[in-house]
Structures are given as structure tokens and as C-alpha cells.
Amino acid sequence: MFFLRSCYFHCSPRLALDLRLVSPLARSLSSAVKPYSSSSSLRRPFSLSSSSRPPPGRKMSSKPSAFDALMSKARAVAAEKKKKKRKSPDPAPVENPSDGSKSDSAAVEAKVDGSEAVTGGSRPIEVKGSNPEKRPEQKKAKKADSSTERVKELKGKIHLLKKKPADFSPKAVACWGEGERVPFVFLCLAFDLISNETGRIVITDIVCNVLRTVMTTTPDDLVAVVYLLANRIAPAHEGLELGIGEALIIKALAGACGRTEAQIRNQNKELGDLGLVAKASRSSQSTMRKPDALTIVKVFDTFRLIAKESGQSSQEKKKNHIKALLVAATDCEPLYLIRLLQTKLRIGLAEQTLLAALGQAAVYAEKHSKPSTDVQSPLEEAPKIVKQVYSILPVYDKIVPALLTDGVWKLPKSCTFTLGIPVGPMLAKPTKGVSEILSKFQDMVYTCEYKYDGERAQIHYKEDGSVEIYSRNAEHNTGKFPDVVATVSRLKKEDVKSFVLDCELVAYDREKKKILPFQILSTRARKNVVLSEIKVDVCIYAFDMLYLNGKPLIQEQLKHRREHLYDSLKEEPGFLQFATAITSNDIEEIQTFLDAAVNASCEGLIIKTLDRDATYEPSKRSNNWLKLKKDYMDR
DNA sequence: AAAGAAGCTTC
DNA sequence: CTCGGAG
DNA sequence: CTCCGAGGAAGCTTCTTT
């Protein structure tokens with residue numbers, strides 16, 4: 001069945017038509033194996049496997065041609081658009097630390113020295129006796145030498161991070177001076193420690209201790225540390241991307257350690273991880289001094305530089321940035337450098353754990369207010385607060401400083417919802433059938449809405465009349481939907497000054513008054529779209545209001561939010577409509593409604609609590625919203 | 001100028 | 001988007 | 001239950017190569 005499917009996909013829409021003739025066969029095949037599940041995430045204009053799509057063969061003849069027309073139109077436009085302006089060329093790339101290299105420091109033995117572990121290591125390291133003669137070289141030699149010393153020292157102490165935070169002294173591991181830039185190795189060694197753990201609690205503890213260490217030595221570095229721990233370079237809504245992939249990393253790696261790309265690729269196959277390849281690669285270049293040891297801030301800044309390169313030979317420049325980092329890297333640094341660049345840390349540490357650790361760390365660092373009021377268990381509460389706050393204001397640049405100056409307990413006050421910064425969209429839990437809905441929502445009042453097959457959007461309308469659109473992942477989408485911007489401005493009611501709308505943007509044929517498949521929506525251009533060139537129209541299906549006239553509505557029950565929604569916008573078919581909804585607890589009625597949704601080209605239903613446990617829960621896959629998709633129902 | 005490779009986003 | 005595993 | 005990490009199809013955009 002896989003063959004059938006992929007075959008279908010690689011065909012032109014025209015050919016797809018013909019293939020549809022066999023769809024009954026395809027269907028029986030797929031259901032014989034495993035009903036729909038393996039295809040549930042696939043998109044297709046006309047489904048082979050989904051029983052609830054319009055019956056194959058029936059009345060299909062009109063639709064496909066419309067589809068064809070649209071697709072080819074869309075393609076024609078796309079083709080036209082290629083005459084885009086390019087950035088003016090930058091001066092040719094220069095630099096290349098090609099012969100920076102390794103003094104073979106990397107193989108240092110991790111001779112653990114338990115006794116020394118607890119002593120304060122936080123003085124700027126000074127040189128020890130056994131040392132250089134050369135005058136001019138001396139300074140650098142000292143540096144290099146002291147940094148290998150540092151690595152040794154850190155290796156001996158790093159395990160202390162595993163202590164329960166209560167028994168951990170924030171200065172125990174630091175081997176750098178107060179206010180001194182935190183060395184990148186410190187982070188990498190912590191990563192190593194974490195990668196050997198599987199339990200979330202232990203990992204959280206380690207991260208917590210890392211954060212506290214930085215907080216007490218070099219709080220200025222905390223933002224950078226947090227970003228690297230989160231494996232991000234900027235808040236999502238700023239849209240800063242590394243633009244680094246496997247191919248470029250291989251090139252950089254090859255350049256940095258004097259091997260061929262083919263060698264790298266082969267070893268990558270063996271080891272299954274470019275990071276490991278980096279770790280295993282010793283530079284075969286000339287043996288000169290190593291550049292200065294990497295600091296966390298240096299690495300973070302370089303990442304951002306990489307992200308900002310663009311235009312002609314930007315790839316070359318990016319590659320050189322990476323090479324420079326690699327050349328300066330020692331020990332386990334290359335491994336994590338590469339993984340960070342790939343955005344695949346895969347050590348069992350990700351956002352949620354980091355946020356929890358941040359909360360915990362703040363509790364220990366708290367000299368500010370005590371749990372102000374009557375917080376029972378600060379160590380449980382603080383992570384919740386940080387997570388909550390982050391879901392509403394996902395910007396470390398704001399949260400971390402606020403945490404440092406005012407502490408956790410004031411965080412909800414100092415970091416609040418801000419127009420122009422998207423909150424994490426609330427998500428729905430998958431369910432398998434109407435009966436499951438009924439049992440989960442027992443005695444609740446709930447409402448059912450069509451689940452439209454489009455793109456999630458969060459639309460911010462500001463007091464000054466400007467509009468910003470964000471995607472499900474907080475990408476800045478305003479430039480992609482100038483038509484939506486216009487629609488929203490036009491259909492907002494007079495007295496409405498500002499709002500945040502949660503909705504689905506769906507491709508729509510205004511002539512036939514029909515919803516079009518997702519695949520057509522996805523053919524729209526994505527950047528700097530000009531209103532007059534739009535070929536695929538979009539209808540806004542609005543279903544929630546998160547903010548209105550200066551007031552957040554997130555804490556309100558859906559019932560109220562929805563009233564605000566209905567009161568603030570005017571509907572206009574094909575442009576802006578409220579999600580079709582019924583409020584019922586009758587199984588038959590819901591089943592019928594579901595069928596209607598599917599008939600109306602929707603994916604299924606979203607069922608939501610209405611007036612109890614019905615607040616908006618940003619970025620949560622909440623139990624208050626359940627989704628019922630035709631694709632994964634067992635019937 | 002056009003084609004191809006790589007990267008990123010959506011679901 | 002879906003899925004499965006670990007805790 | 002929560003969180004992490006693995007996986008996938010299809011589409012557009014950017015940069016390099018031809």
C-alpha cells in the first residue's frame with residue numbers, strides 16, 4: 001500500500017485522477033492491514049484511504065479539473081515570481097583560520113580529584129610553573145595552558161552538578177572568576193553528564209545547578225546559557241534561522257580537520273551522528289597554538305552571526321564561522337557544537353525540562369521575596385510559574401533578566417502578555433471516537449466545532465491599526481497573508497481597538513463557495529506577498545479570542561471568550577467566518593455533526609469544554625480540547 | 001537564465 | 001502532523 | 001500522564017552551479 005500511495009503522490013494531478021479509479025482497491029488493501037493509521041498524517045487532495053472523503057468516483061469529475069486549474073495557475077505564478085531581486089553582493093569572504101590547530105590538549109585524562117572538588121575554584125587561573133620560555137609567545141602560551149588546566153579541573157568537578165540542588169554549592173564547580181565569561185566546555189561537560197542520564201528529575205537537577213553556577217558567577221552570561229540550553233538562537237517570532245544543514249556541516253567539518261567530505265560522509269554513516277564524527281576527528285593540520293578557549297557567549301554570538309549571513313557566498317561565510325568554532329574546540333566541545341548547529345541535542349534535555357530547571361534555580365537563588373504568600377512547595381510551584389509565563393511570553397531575553405532582578409514569584413507580574421508577541425497556541429488531544437469524547441467529558445458542558453483543514457494562525461490587531469499574523473510555531477507570517485490583514489481590518493467592528501484572534505486560515509474558492517484542500521493552500525507564496533498577485537484565496541475561520549481592547553481573555557472561560565469573539569468581528573462568507581459549532585451532548589447529534597463536518601471538507605471536530613475548566617491554556621495539549629479526526633477514528 | 005541542492009515550514 | 005518509549 | 005525524540009509528505013525559498 002505504500003507503493004500505491006507514493007506512486008499516487010509523485011504523479012501529476014492529472015495522473016492522480018486516473019489512479020483514483022483503483023482507489024477502492026487501495027482502500028481495501030489499507031484497511032486490511034491497518035486501518036488508516038499509517039496514512040493518517042498524509043495529505044492528499046483526494047483521499048485514497050479515507051473512508052469519509054467524498055466517495056471516490058462519484059461526482060468527482062468536476063472537482064479534479066478545478067483542482068488542476070488551481071494547481072497549474074499556482075505554479076505559473078510561482079514560476080513568474082522567480083524574477084526576484086537578489087541582494088547586492090558582499091565583498092568576497094576573506095579569512096580562514098585554516099591553520100589554526102590543536103596542541104594536543106584534547107586527550108587530557110579526566111583524572112578525577114575528589115578532594116579538590118569542593119574547594120573554591122573560582123579564581124582566574126594563573127599559570128603554573130612548568131612553563132614557557134618564549135617571550136613573545138608567552139602570553140598566549142600561558143593562556144592555552146591554563147585553559148587545558150581548566151578543562152582538567154572542570155572534568156574533576158563536573159560530577160558535582162549531579163548533587164541534589166539542596167546540597168549543591170553554586171561555586172563548587174566554577175573554575176572561572178566572577179564576572180568572567182563562562183567557558184563553553186563547562187556547558188559541554190554538563191551536556192555529557194546529562195546524556196548519561198535518563199531520568200527527567202536528575203536532568204532537571206543538573207540543569208538547575210548549571211544555571212545556579214552561572215547565576216552566582218557571571219549572571220551576565222545567563223541569557224546566552226539559557227539559549228544554548230534551549231538550543232535556540234532567538235525567540236521564535238523573530239524568525240532568525242541558522243540556515244545550517246547536514247551538507248554545510250560536512251563541508252565545514254572536512255575543512256576544519258583536513259579530511260575529505262567523502263570521509264566525513266562515510267564516518268557519518270558508521271557513527272550515525274555528525275557530532276560523533278566531529279568528536280572523533282583530530283585535526284591533521286599543522287600543530288600550532290590553539291586559539292583562545294571558547295566561551296558560551298562567543299559561541300552564542302557566532303551562532304547569531306551565522307544566522308544573519310545571507311546573500312551571495314553566504315554559505316561560504318557560514319562555513320568559515322563553523323570552522324573557526326571547530327578549530328577552537330577541544331574535548332567534547334566539537335560534539336555539542338555540531339549538535340547545537342543541527343538543532344538536535346538529543347540528550348533528553350528540551351524546553352520543558354529547561355523551564356522547570358529555571359524555576360528551581362530561581363528558588364535557590366532567591367534572596368528576594370520568600371514565596372511571598374503561602375506557597376506550600378516552592379520547588380514545585382516555581383517551575384509551573386516559569387512554564388506558564390513562558391507560554392505567554394516566550395522570550396528568554398525578557399524572562400531571564402526578570403528572574404534575576406525580581407525573582408520567580410514576581411514573574412507573572414513582570415512578564416505579561418504583550419501584543420505583538422504570540423502566545424503558544426492551545427492544542428487538542430487526539431481521540432478515537434465520539435464515545436471517547438463522551439466518557440472524557442462526562443458531566444461537562446462542551447461544544448463541538450468543525451476542524452478546518454488549513455493553517456493555524458494567531459492574529460494580533462494593535463491599537464495603531466497594525467496587524468501581525470503568527471503561525472502555529474510563532475513564525476511571523478504577516479508578509480504571507482496581506483489579504484488576511486486586509487480582511488481583518490475591514491471586518492473588525494468599529495469600537496474594537498485591539499485583539500488577538502485564534503483561527504484557521506483555509507484555502508477557499510469564492511466562486512464555488514467551497515473550502516479547498518490544504519495542499520492548495522500550501523502553494524501560496526510565503527514571503528513578501530503582494531495583494532494583487534494572490535491566486536489562492538483564504539477564508540479566516542475564527543474560533544477564539546485571547547485578548548480584546550487591552551484586556552487578556554486567556555483566563556476567561558471559552559463561553560465568554562467566544563461571546564467576545566462573536567461581538568467583535570463581522571462575518572463575511574469566504575472572508576471571515578466563525579467556526580461552525582453546536583453545543584450538544586447527544587451522541588447521535590454529534591455523530592451527525594461530525595459527518596457534516598467531513599462533508600464540508602473539514603478534518604473532523606474539535607470538542608471543547610465551555611464554561612468549566614475552559615480557560616485558554618497556551619501551548620498545552622490540554623484535556624479541555626479534544627480532536628476527533630476522521631483519519632484516525634476506528635469505525 | 002535556468003536547474004539543482006539544501007534548508008525550512010506546514011501538516 | 002503521528003508514533004512510541006521512558007519515567 | 002508528560003516529555004522527548006524519532007519519523008514522514010509536500011510545498012516554497014535561497015543559494016550555488018551550470
Side-chain angles (χ1 to χ4, degrees), chain A residues 2 5-6 8-11 13 34 36-45 71 74-75 77-79 81-87 89-90 194-195 197-204 231 236 239-251 272 307 309-319 339 341-356 383 387 427-430 451-457 470-477 479-480 504-507 517-529 536 603 619-623 627 629 631-632:
Chain A
F2 210 89
R5 205 186 313 125
S6 31
Y8 175 82
F9 275 72
H10 292 122
C11 300
K34 196 182 169 196
Y36 314 142
S37 60
S38 66
S39 65
S40 61
S41 68
L42 296 182
R43 293 271 166 191
R44 55 197 93 68
M71 287 301 275
R75 291 212 170 96
V77 177
K81 239 178 241 162
K82 298 222 164 162
K83 50 159 192 184
K84 275 224 165 171
K85 45 100 208 246
R86 278 279 148 84
K87 280 202 170 178
D90 284 306
I194 292 168
S195 68
E197 301 295 333
T198 54
R200 234 178 301 153
I201 295 175
V202 185
I203 292 177
T204 308
N231 205 350
L240 196 60
E241 305 299 331
L242 275 171
I244 295 287
E246 192 167 282
L248 195 53
I249 291 179
I250 289 177
K251 282 182 191 159
E309 296 288 4
S310 74
Q312 204 174 33
S313 58
S314 55
Q315 303 297 292
E316 186 70 16
K317 291 180 196 161
K318 289 183 186 203
K319 192 182 80 183
R339 289 202 185 165
L341 286 167
Q342 288 179 306
T343 341
K344 285 180 173 188
L345 220 34
R346 48 182 228 178
I347 57 175
L349 167 66
E351 200 115 76
Q352 292 309 305
T353 308
L354 170 61
L355 291 170
K387 287 183 185 185
L427 306 170
K429 283 246 164 74
K451 183 180 192 306
Y452 295 89
D453 192 1
E455 214 176 297
R456 186 86 175 263
Y470 300 95
S471 75
R472 176 199 149 112
N473 294 315
E475 298 292 324
H476 195 208
N477 254 347
K480 180 177 174 183
E504 192 83 8
L505 303 180
V506 182
F518 174 85
Q519 205 175 26
I520 293 203
L521 179 67
S522 75
T523 64
R524 277 184 58 127
R526 293 168 190 179
K527 295 204 155 169
N528 308 312
V529 174
V536 175
E603 286 186 304
S619 48
K620 276 227 182 82
R621 196 167 292 281
S622 164
N623 277 317
K627 63 176 161 186
K629 278 171 69 168
D631 278 358
Y632 45 61

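A note on names: the letters A, B, ... follow the listed sequences, proteins ahead of strands, and every chain is numbered from 1. Atoms considered below: every heavy atom in the structure, side chains included; atoms not considered: hydrogens, waters and symmetry mates. Quantities reported herein were computed from a predicted structural model and do not represent experimental measurements.
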Sugar-phosphate only, base, or nothing, as touched by A/Leu521 at under 4.0 Å among non-hydrogen atoms: nothing
A/Asn473 vs B/dT10: side-chain N/O to OP1/OP2 distance below 4.0 Å: yes
Any residue meeting side-chain contact (heavy atoms from CB on, under 4.5 Å) with A/Ala350, in chain and number order, not counting sequence neighbours: none
Atom-pair distance (NZ on A/Lys319; P on D/dC15), nearest Å: 16 Å
Rounded distance in Å - OH (A/Tyr470) to P (B/dT10): 14 Å
Under the salt bridge (Lys or Arg N to Asp or Glu O under 4.0 Å) test, residues paired with A/Arg621 that sit two or more places apart: none
A/Asn623 side-chain proximity, nearest of B/dT9, D/dC1, B/dC11: D/dC1
Results of salt bridge (Lys or Arg N to Asp or Glu O under 4.0 Å) for A/Lys480 - residues two or more places apart only: A/Glu455
Separation of B/dT9 P from A/Asn477 CG (nearest whole Å): 11 Å
Candidate nucleotides D/dT13, D/dT2, D/dC3, ranked by approach to the side chain of A/Thr353 - the nearest: D/dC3
So which protein nitrogen or oxygen atoms get under 3.5 Å of nucleotides 5-7 of chain C's nitrogens or oxygens?
| residue | atom | partner | partner atom | Å |
| --- | --- | --- | --- | --- |
| C/dG7 | OP1 | A/Thr198 | OG1 | 2.3 |

From B/dG7, D/dG11, C/dT2, nucleotide with atom closest to A/Lys627 side chain: C/dT2
Residues which pass side-chain contact (heavy atoms from CB on, under 4.5 Å) with A/Gln315, listed by chain and number, not counting sequence neighbours: A/Leu248, A/Lys318
Test: A/Glu504 and A/Arg456 ion pair at under 4.0 Å: no
Listed nucleotide nearest any side-chain atom of A/Gln315, set D/dT13, B/dT10, D/dC15: D/dC15
Min side-chain heavy-atom separation A/Asp453-A/Val506 under 4.5 Å: no
Counterpart residues, side-chain contact (heavy atoms from CB on, under 4.5 Å), relative to A/Gln352 (two or more places apart): A/Leu355, A/Lys387
Out of D/dT14, D/dG11, C/dT2, whichever nucleotide has its closest atom nearest the side chain of A/Ser522: D/dG11
DNA chain D contacts among residues 341-352 of chain A, heavy-atom distance under 4.0 Å: A/Arg346, A/Ile347, A/Gly348, A/Leu349, A/Ala350, A/Glu351, A/Gln352
Side chains of A/His476 and A/Tyr470 in contact at under 4.5 Å (non-hydrogen atoms): yes
Between C1' of D/dG11 and CZ of A/Phe518, the distance in whole Å: 8 Å
Touch class at under 4.0 angstrom, heavy-atom based, for A/Lys480 against every strand present: nothing
Per A/Lys387 side chain, nearest of listed nucleotides D/dC3, D/dC15, B/dT9: D/dC3
Nucleotide D/dC4, atom P - distance to CD1 of A/Ile203 in whole Å: 9 Å
Atom-pair distance (CD on A/Gln519; C1' on B/dC11), nearest Å: 11 Å
Candidates B/dT9, D/dC15, B/dG7 - which lies nearest the side chain of A/Ser310: D/dC15
Test side chain to side chain donor-acceptor pair (under 3.5 Å) applied to A/Asn473 - qualifying residues, sequence neighbours left out: none
Between B/dA6 (C1') and A/Glu241 (CD): distance, integer Å: 14 Å
Rounded distance in Å - NZ (A/Lys527) to P (B/dT9): 9 Å
Nucleotide of B/dT9, D/dT13, B/dT10 approaching A/Ser471 most closely (side-chain heavy atoms): B/dT10
From D/dC3, D/dC1, D/dC12, nucleotide with atom closest to A/Thr523 side chain: D/dC12
Partners meeting salt bridge (Lys or Arg N to Asp or Glu O under 4.0 Å) with A/Glu475 (sequence neighbours left out): none
